[in-house]
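Side-chain atoms are counted along with the backbone in the values below, which use heavy atoms only and exclude waters and symmetry mates. Heads up: numbering here begins at 1 and tracks the sequence.
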Amino acid sequence: QVQLVESGGGLVEPGGSLRLSCTASGFTFNRYAMGWFRQAPGKEREFVADIGWMGGTTYSTVGSVKGRFIISRDNDERTLDLQMNNLRTGASAVYYCARSTRAFSTRGGFNPSSYDRWGQGTQVTVSD
């Protein structure tokens with residue numbers, strides 16, 4: 001069955017970096033757009049970035065993301081990564097990877113309803 005497993009979360013000081021990874025199985029990974037979302041306590045799940053099946057990328061314009069995060073994919077390894085640099089405390093959340101609903105999409109999209117499979121999430125905490 002389809003599985004998405006995130007890893008790489010943890011505690012980091014403001015200004016630090018983390019690299020999240022999502023390992024996919026159970027479907028033809030290179031045919032699907034993929035996305036990263038995050039959810040902080042008491043808040044709705046929020047779009048972070050997506051990458052299309054051909055590699056085009058889109059990022060959130062939220063200040064804690066814009067210009068600081070890089071999404072990438074390795075189709076041979078079936079992995080989706082999120083490099084997070086110069087982290088701010090506002091980036092603290094559980095981070096989820098997700099698969100877009102439709103194959104051969106150039107984007108996953110901003111809306112969580114555009115994704116049909118989700119990982120279990122990995123906690124990122126940015127704190128002194």
**Student:** Over all heavy atoms of both residues, which pair between Ala40 and Ala93 is shortest? Give the atoms and the distance, please.
**Tutor:**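 Smallest interatomic distance, heavy atoms only, reads N-CB, 3.8 Å.
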**Student:** State which residues pass salt bridge (charged side-chain N to carboxylate O under 4.0 Å, His left out) with Glu77; sequence neighbours excluded, sorted by chain then number.
**Tutor:**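 Once residues adjacent in sequence are excluded, Glu77 has no partner under the salt bridge (charged side-chain N to carboxylate O under 4.0 Å, His left out) criterion.
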**Student:** What distance separates Ile71 CD1 from Leu80 CG, expressed to the nearest 0.5 Å?
**Tutor:**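 Here the interatomic distance stands at 4.5 Å.
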**Student:** So do Tyr96 and Gln39 actually touch side chain to side chain, heavy atoms under 4.5 Å?
**Tutor:**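 Yes, close enough: below the 4.5 Å cut-off.
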**Student:** Should side-chain heavy atoms under 4.5 Å link Ile, Leu, Val, Met, Phe, Trp and Tyr, which residues sit in the same cluster as Phe104?
**Tutor:**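 Joined to Phe104, directly or through intermediates: Trp53, Met54.
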**Student:** Has Arg99 got its NZ or CZ under 6.0 Å from the middle of the six-membered ring of Phe27, at an angle within 45 degrees of the ring axis?
**Tutor:**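 That pair qualifies as a cation-pi contact.
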**Student:** So, for Gly121 and Val94, which heavy atoms are closest and what is the spacing to 0.1 Å?
**Tutor:**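 Heavy atoms only, the tightest pair is CA-CG1, 3.8 Å.
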**Student:** Out of the candidates Glu6, Glu46, Glu44, only one should pair with Arg38 under the salt bridge (Lys or Arg N to Asp or Glu O under 4.0 Å) rule; please name it.
**Tutor:**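 Among Glu6, Glu46, Glu44, the one meeting salt bridge (Lys or Arg N to Asp or Glu O under 4.0 Å) with Arg38 is Glu46.
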**Student:** Ignoring hydrogens, what is the shortest heavy-atom contact between Val2 and Gly26? Give both atom names and the distance.
**Tutor:**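 Heavy atoms only, the tightest pair is CG2-O, 3.9 Å.
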**Student:** Using a 3.5 Å distance criterion without hydrogens, assess whether the side chain of Ser100 forms a donor-acceptor pair with backbone atoms of Arg102.
**Tutor:**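 At least one qualifying donor-acceptor pair exists.
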**Student:** Less than 4.5 Å apart, side chain to side chain, heavy atoms only: is that true for Cys22 and Trp36?
**Tutor:**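 Contact flag for Cys22/Trp36 side chains = yes.
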**Student:** Is there side-chain contact between Asn111 and Phe47, with heavy atoms separated by less than 4.5 Å?
**Tutor:**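 Asn111 vs Phe47: side chains apart.
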**Student:** Between Arg107 and Gly56 (side chain of the first, backbone of the second, donor and acceptor by atom type, cut-off under 3.5 Å), is there such a pair?
**Tutor:**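 No, Arg107 side chain to Gly56 backbone: no donor-acceptor pair under 3.5 Å.
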**Student:** Any non-hydrogen side-chain atom of Tyr115 less than 4.5 Å from a side-chain atom of Phe37?
**Tutor:**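 In contact.
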**Student:** Can a donor-acceptor pair be found, under 3.5 Å and without considering hydrogens, that links the side chain of Thr57 to the backbone of Ile51?
**Tutor:**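 Checking the backbone N and O of Ile51 against the side chain of Thr57, no donor-acceptor pair under 3.5 Å is found.
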**Student:** Would you say the side-chain atoms of Arg73 and Asn75 include a donor-acceptor pair closer than 3.5 Å?
**Tutor:**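 Yes, Asn75 and Arg73 have a side-chain donor paired with an acceptor closer than 3.5 Å.
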**Student:** Do Trp118 and Leu82 share a hydrophobic cluster, counting only Ile, Leu, Val, Met, Phe, Trp and Tyr and linking them when any side-chain heavy atoms are less than 4.5 Å apart?
**Tutor:**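 They do not share one cluster, since no chain of ILVMFWY contacts under 4.5 Å joins Trp118 to Leu82.
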**Student:** Thr122 and Leu20: which non-hydrogen atoms are nearest, and at how many Å?
**Tutor:**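 Thr122 and Leu20 have their closest heavy atoms at CG2-CD2, 4.0 Å.
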**Student:** Rounded to the nearest 0.5 Å, what's the gap from CZ on Arg117 to CD on Gln1? Could you check?
**Tutor:**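 Spacing of CZ (Arg117) from CD (Gln1) equals 9.5 Å.
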**Student:** Run the side-chain donor-acceptor check on residues 10-19: report pairs under 3.5 Å with partners two or more places apart or on a different chain.
**Tutor:**
from, atom 1, to, atom 2, distance (Å)
Ser17, OG, Asn85, OD1, 3.2
Arg19, NE, Asp81, OD2, 3.4
Arg19, NH1, Gln83, OE1, 3.0
Arg19, NH2, Asp81, OD2, 3.1

**Student:** So do Met84 and Val126 actually touch side chain to side chain, heavy atoms under 4.5 Å?
**Tutor:**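 Counting from C-beta outward, Val126 and Met84 never come under 4.5 Å.
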**Student:** Could you see if Tyr59 belongs to whatever hydrophobic cluster contains Phe110? Use Ile, Leu, Val, Met, Phe, Trp, Tyr and a side-chain cutoff under 4.5 Å.
**Tutor:**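 Tyr59 and Phe110: separate clusters.
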**Student:** If we ignore hydrogens and angles and just use 3.5 Å, is the side chain of Arg68 paired with the main-chain N or O of Asn86 as donor and acceptor?
**Tutor:**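 Answer holds: yes.
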**Student:** Heavy atoms, side chains only, cut-off 4.5 Å: are Phe29 and Asp74 in contact?
**Tutor:**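 Phe29 does not reach Asp74 side chain to side chain.
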